[in-house]
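To start, the structure under review is shown below, and the notes come after it.
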2 protein chains.
Amino acid sequence: MKSLSIKDIATKANVSITTVSFIINGKAKEKSISEAVIEKVEKIIKESGYKPNQIARSLRTGNSNIIGLMIEDISNSFFSRIARLIEDKAYKKGYKIIYSSTENNVDKAKELINMFKSRKVDAYIIAPTKGIEEDINQLLADNTPVILFDRNLPDVKTGYVGADHFHASYQSIESFIKQGKKKIALVTTDINVQQITERLEGYQKALEDHKIAYDENLVVKIHFNQDEAETMAQIKTLFQTQNIDAVLFATNYLAISGLKVLKEIDRKVGDDFDVIAYDDHEAFELHTPRISAVQQPLEEIAENVIKLVLSQLSKKTKAEQLEIIVPAKLIIRS
Amino acid sequence: MKSLSIKDIATKANVSITTVSFIINGKAKEKSISEAVIEKVEKIIKESGYKPNQIARSLRTGNSNIIGLMIEDISNSFFSRIARLIEDKAYKKGYKIIYSSTENNVDKAKELINMFKSRKVDAYIIAPTKGIEEDINQLLADNTPVILFDRNLPDVKTGYVGADHFHASYQSIESFIKQGKKKIALVTTDINVQQITERLEGYQKALEDHKIAYDENLVVKIHFNQDEAETMAQIKTLFQTQNIDAVLFATNYLAISGLKVLKEIDRKVGDDFDVIAYDDHEAFELHTPRISAVQQPLEEIAENVIKLVLSQLSKKTKAEQLEIIVPAKLIIRS
DNA sequence: TAGATTGCTTAAAACGTTTTACCAACTACC
DNA sequence: GGTAGTTGGTAAAACGTTTTAAGCAATCTA
């Protein structure tokens with residue numbers, strides 16, 4: 001069964017295609033179509049269940065009402081929760097989302113941008129990887145709105161929304177120090193994005209400000225794409241060879257692996273060994289004892305991302321470089 | 001900067017649009033285009049970075065290489081993990097995914113189907129809600145492939161992939177009984193989908209087969225869209241008013257709420273009170289003590305879903321009603 | 001009364017592809 | 001030397017919209 005076209009409606013209503021199009025697009029008044037015709041056509045549209053073909057529409061108008069969302073991995077709860085919020089808000093404004101996981105792989109990311117480009121998405125929301133600066137700048141040069149979130153790229157001048165990672169990390173370490181911790185470890189990843197380096201810098205600065213020497217043996221950088229067993233092995237080595245009394249995990253999945261290790265080696269989190277995780281997770285509240293975590297304000301991030309995107313979509317001007325830094329919150333659980 | 005069109009390439013290569021199109025679509029041989037021309041055109045395409053406009057292509061061919069994925073909620077880890085796997089596999093076959101969360105809301109689901117329809121998606125993958133049978137049947141009548149997963153709809157005759165919920169539930173209860181449990185509760189939701197009712201039936205049948213009387217006070221149906229505080233209150237009431245010695249949670253988020261309650265009322269999971277969760281979650285392995293769970297084989301589900309979709313896409317025939325039931329696995333942790 | 005304005009409507013071009021149908025020039029065959 | 005087949009290619013229609021420019025009456029203005 002072929003679906004109806006505007007032509008069928010026009011024939012049925014005995015008016016021209018143009019007239020129907022004007023009515024559909026709410027330009028009836030402006031083009032001074034008579035009430036009688038408007039009503040007749042609207043009735044027919046309603047009765048027939050006609051829906052305009054978005055593809056034809058896109059081809060003609062050049063925009064698709066689709067926003068491309070590129071994240072690292074949709075199965076990571078941080079991203080899936082953000083994605084859900086963004087989807088919700090975009091939907092309310094009539095935009096749909098096409099999403100894809102980049103797996104932090106530059107080639108895949110580039111390919112995705114091409115994909116999105118050929119689908120003529122109206123705007124991009126990207127949690128970027130290093131190495132796609134040029135591709136993004138190309139988009140910006142074409143006047144396509146691009147908003148970055150979670151990680152900023154210094155060489156890309158556009159809107160960005162992210163949490164204050166430096167400060168949150170600093171605070172976490174400071175809270176350890178105030179508890180009297182001396183040998184504080186950091187388990188982080190080797191991906192070279194601002195968001196991650198900031199966490200390291202916060203760690204270093206806090207130590208420095210409290211006159212604790214930085215010891216590189218206490219910082220473990222886990223390779224991004226390796227499997228969990230290997231990650232756990234590395235963390236285990238840290239725990240067993242260094243006499244640490246506190247650890248900050250720079251991502252929630254690292255924290256989960258770390259907690260598994262602790263369980264395995266039967267080391268308890270408590271007064272003499274404390275843990276903070278970056279990015280909260282349901283598991284942390286349920287853990288015994290409960291695990292402290294840095295919470296990013298997901299709702300606020302999503303809200304701002306969409307705000308920036310919509311504002312760029314409405315202006316036709318080049319994207320302005322507007323960085324929105326929202327505070328992250330350290331939740332101390334005990 | 002306007003992007004290149006096939007016309008620009010044709011002009012540059014001094015051939016017709018048709019020729020370029022044939023080459024792009026790999027029909028050069030078949031249409032007996034000379035090697036020389038093929039090379040020339042391909043070189044120009046490569047150099048210029050030309051990418052065909054998918055929208056125009058879709059308009060002309062009637063298919064979009066997009067698969068619509070409708071799930072309950074992308075921020076639920078079960079769905080986000082499945083989504084990731086499906087995305088991956090679809091991507092490898094050249095298909096992109098547009099996804100949307102239905103929130104188990106019939107109206108939203110219907111609206112989404114319309115949305116997808118007007119975007120001419122090539123196929124649908126749906127974790128359906130009750131009430132959209134007719135809309136789906138409409139799609140099937142138009143010969144559009146639709147594959148259901150996670151929940152089946154009896155009134156829809158099409159491909160379906162899901163786990164054997166009845167059996168997994170039965171097994172879980174049986175394992176309680178073998179431990180000597182007598183008062184076994186079930187915390188489930190009130191959404192009326194096969195997948196959920198099967199879990200209840202498994203519960204009932206296991207009790208019956210082991211001559212334990214069914215007590216409706218031990219079954220709590222939590223309203224789907226309510227907030228967590230209320231859910232926890234209901235579960236708390238169950239725990240405090242009924243003298244139960246085991247509980248099966250029918251979804252992972254219910255189990256998480258339930259575990260929070262246990263923590264709150266300081267009741268320990270252990271020999272005299274056991275818990276099994278349906279759908280595994282990282283939190284369960286980390287919990288002290290570790291929580292047993294029913295694991296659905298995500299990879300296998302995703303694999304089969306994609307297999308069915310692709311098979312439907314290749315045949316032009318009406319969807320065949322093929323139900324693939326994969327076993328779920330009870331992971332006993334202690 | 002001529003010209004301008006207003007009210008309602010439409011024909012046709014354009015968006016960037018794919019595909020059908022066709023053409024022209026050779027080659028091969030009997 | 002006529003016809004059938006092959007090789008290498010193209011013109012133009014079609015997909016379903018939006019939008020520009022214009023047309024025609026009827027009414028108003030001076």
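Per chain, numbering begins at 1; letters A, B, ... match sequence-line order.
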Determine whether a donor-acceptor pair (N or O, by modelled atom type, separation under 3.5 Å) exists between the side chain of [X] and the backbone of [Y].
| X | Y | answer |
| --- | --- | --- |
| B/D142 | B/T144 | no |
| A/N63 | A/N65 | no |
| A/K40 | A/A13 | yes |
| B/K157 | B/P154 | yes |
| A/K108 | A/S101 | yes |

Can you check the [X] [atom1] to [N] [atom2] distance for me, whole Å?
| X | N | atom1 | atom2 | value |
| --- | --- | --- | --- | --- |
| A/I23 | D/dT18 | CD1 | C1' | 14 Å |
| B/I17 | C/dC15 | CD1 | C1' | 12 Å |
| B/E35 | D/dT7 | CD | P | 13 Å |
| B/I9 | C/dG16 | CD1 | C1' | 13 Å |
| B/R57 | D/dG16 | CZ | P | 18 Å |
| B/L4 | C/dC15 | CG | P | 14 Å |
| B/Q54 | C/dT18 | CD | P | 9 Å |
| A/I55 | D/dC15 | CD1 | P | 15 Å |

Handout entry: Interface with DNA chain C, restricted to residues 37-45 of chain B and to heavy atoms under 4.0 Å
Key = none
Would you please confirm or rule out a distance under 4.0 Å between OP1 or OP2 of [N] and any side-chain N or O of [X]?
| X | N | answer |
| --- | --- | --- |
| B/K27 | C/dT19 | yes |
| A/S34 | C/dT9 | yes |
| B/Y50 | C/dT17 | yes |
| B/N53 | C/dC15 | no |

Exercise for the section: Describe the nucleic acid contact of A/T61 in one word from base, sugar-phosphate, nothing, applying a heavy-atom distance below 4.0 Å. Expected result: sugar-phosphate
Exercise for the section: May I ask you to say what B/S5 touches in the nucleic acid, namely base, sugar-phosphate or nothing, with a heavy-atom cut-off under 4.0 Å? Expected result: sugar-phosphate
Exercise for the section: Please tell me which of B/T19 and A/P52 maps to the more 5' nucleotide of DNA chain D, matching each residue to the nucleotide holding its nearest heavy atom. Expected result: B/T19
Practice task
For the helix from C/dT1-D/dA30 to C/dC30-D/dG1, figure out the bend between the end axes, five pairs an end, and round to 10 degrees.
Solution key: 60°
Exercise for the section: Would you sort out whether B/V309 and B/Y95 count as a side chain to side chain contact (heavy atoms under 4.5 Å, CB included), showing the intermediate values? Expected result: CA-CA 11 Å; B/V309 169; B/Y95 287 95; over 6 Å; no
Completion exercise
Minimal heavy-atom distance between A/S3 and A/D8, with the atoms involved, is O-OD2, 4.4 Å
Salt-bridge contact [X]-[Y] (side-chain N to carboxylate O under 4.0 Å):
| X | Y | value |
| --- | --- | --- |
| A/E72 | A/R151 | yes |
| A/E111 | A/K117 | no |
| B/E103 | A/R84 | yes |
| A/E300 | A/K307 | no |

Practice task
When you get a sec, tell me which of C/dT10, C/dT19, D/dG8 is the closest nucleotide to the side chain of A/S16?
Solution key: C/dT10
Problem - Out of C/dG16, D/dG9, C/dT18, whichever nucleotide has its closest atom nearest the side chain of B/I33 - result: D/dG9
Exercise for the section: Report the residue from A/I126, A/V305, A/I125 that forms a side-chain contact (heavy atoms from CB on, under 4.5 Å) with A/L69. Expected result: A/I125
Protein-nucleotides 20-24 of chain C N/O pairs closer than 3.5 Å?
none

